[in-house]
There are 2 protein chains.
Amino acid sequence: MDVRTLCLAALSRGDATGYEIKKMYESGPLAHFQGASFGSIYPALSRLLDDGLVQAEAREQDGRPDKKVYRLTERGREAFRGALTGPPPEPETIKSDLLFMLMFATEMTPTHVTDLIKARVTELRSLADRIEAKASDCGVGDDCGETASAGFFREPGPKFVAGYGVTIYRAAADYMERHQTDLVREIETARAALPNMAAE
Amino acid sequence: MDVRTLCLAALSRGDATGYEIKKMYESGPLAHFQGASFGSIYPALSRLLDDGLVQAEAREQDGRPDKKVYRLTERGREAFRGALTGPPPEPETIKSDLLFMLMFATEMTPTHVTDLIKARVTELRSLADRIEAKASDCGVGDDCGETASAGFFREPGPKFVAGYGVTIYRAAADYMERHQTDLVREIETARAALPNMAAE
DNA sequence: CCGATATTATATCGGGCCGGCATATATCGA
DNA sequence: TCGATATATGCCGGCCCGATATAATATCGG
């Protein structure tokens, strides 16, 4: 997804600065499933300004550098709807460093493989929990979603997507936990059958 | 994953040209979970050559431009093992254009949402089937994996990884199918409650 | 039998994006 | 008080993808 489109999407939910857009994709209502860095957000906003898809209002700030608050123009809103309606997204495949490394599991020590998988399982469960916490109303006292994203996850789209994330992360963690011991056992026998495994 | 490491990994399974490495990640034994383009493979091989991690042997070819067959040096093999042992991979999160688009499902027509999800479900099932076909021995008559990758998926690592892929892709397809109707119904009621939805 | 297309093979280039860095201030905890 | 963190913008090196160029052979349909 184009960072310019990502900016339009963020601004469709309200005016914001570049810094705030970044936060939305990092820990705010748009976190998970997409991300963008400062190095792409600020140039993207400049281009959107040139193209007339956003307006900027410079607000003088106590001390800090002037804050530039961006707002969608009508043309910007159309462009965003166009991106949503437009060409269907390319088929997405799983890209994973860990999975790739594990294809060469016989080149690693069983201990290392175990550590790698254990760490990943923890990460996956924590990711699922974080989505669930954010989605399940964040009802009580905590500050939860910060920028007025309270009701966002009651909308059908975010609810569907959050459920997807939780389901997939849990399925991944479950698979790894269930097949971990088999994998390690098979590596051990494979390495025992192989030569020079002295001091690794 | 660094494309240089990807090249080392491919060459650790046997000598190959840049073109053949590309094929391995496209449809060969290393397909799924990682990929690389010509625009990164050829420069990567050049750098690996400069750094002494691979050797190149130019083979004169009948007619076609000279084939450069690359081979891992001992230092290259060490570097690859280092990458496997080295810093654990960063936590990986799901990145998905479709999921992101669906967060704004209320801005789309129910028909469009249905089409999008149906197409993705088909893709996911086909992806899972392809992995399963490649992993389940490709035993009989078909040409299956081409370049001598017959037994690769009987090794513990690839078997574990293939199972992961099949499981996750199926789980994703299942989730989408099971929650699709709910999503569409909720969009419809949400849009009915909203203004100016005449000619979209 | 001829032309269109695919395949084998290498390489460059533009553009997009990430991560690190620079800059400036204010506040909060150790 | 000193470093870390947060607010806020922006540049730059480097990595990578996708498109394109080049070039010769193979193959299949008309």
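Chain A is the first sequence line, chain B the second, and so forth, proteins listed ahead of strands; every chain is numbered from 1. Reckoned from all heavy atoms, side chains included, excluding hydrogens, waters and symmetry mates.
Nearer to the 5' terminus of DNA chain C, by closest-nucleotide assignment, is the contact made by Y70(B) (compared with the other of Y70(B) and R4(A)).
A donor-acceptor contact closer than 3.5 angstrom links the side chains of S126(A) and R130(A).
A straight line from OH of Y19(A) to P of dG10(D) spans 15 Å, rounded to a whole angstrom. Following rounding to the nearest Å, E26(B) (CD) and dC17(D) (P) show an atom-to-atom distance of 12 Å. Regarding F38(B), its CZ atom lies at a distance of 14 Å from the C1' atom of dT12(C), rounded to whole Å. Taking atom NZ of residue K23(B) and atom C1' of nucleotide dA9(C), one finds them 11 Å apart after rounding to whole Å. Whole-Å rounding puts the K67(B) NZ to dA24(D) C1' distance at 14 Å. Between L49(B) atom CG and dT10(C) atom P the separation is 13 Å, expressed in whole Å. Taking atom CD of E90(B) as the reference point, atom P of dG19(C) lies 8 Å away to the nearest angstrom. In this structure, Q34(A) atom CD and dG16(C) atom C1' are separated by 14 Å, rounded to whole Å.
Across all strands, T17(A) comes closer than 4.0 Å only to sugar-phosphate atoms, never to a base (heavy-atom distances). Among the protein residues, R47(A) comes within range of the sugar-phosphate backbone only, with heavy atoms under 4.0 Å from sugar or phosphate atoms but none that close to a base. Residue-level contact check: G18(A) touches the backbone only, with heavy atoms under 4.0 Å from sugar-phosphate atoms and none from bases.
For A36(B) against L6(B), the heavy-atom pair with the smallest separation is CB-CD2, 4.3 Å.
Of the candidates dA9(C), dC17(D), dG10(D), dG10(D) carries the atom nearest the Y42(A) side chain, counting heavy atoms from C-beta on. When distances run from any side-chain atom of V3(A) to the nucleotides dC18(C), dC17(D), dA9(C), the shortest one goes to dC18(C).
Remark: K22(A) is not in phosphate contact with dT9(D), judged by side-chain N or O atoms under 4.0 Å from OP1 or OP2. Using a 4.0 Å cut-off, some side-chain N or O of S40(B) falls inside it from OP1 or OP2 of dC17(D).
L49(B) and Y42(B) are assigned to two separate hydrophobic clusters, defined by single-linkage of ILVMFWY side chains at heavy-atom distances under 4.5 Å.
Ring centroids of F33(B) and Y164(B) are separated by 6.0 Å or more, keeping the two rings apart. Less than 6.0 angstrom separates the ring centroid of Y175(B) from the ring centroid of F160(A).
dA11(C) and dT20(D) make up a base pair, with Watson-Crick or G-U wobble contacts both under 3.5 Å.
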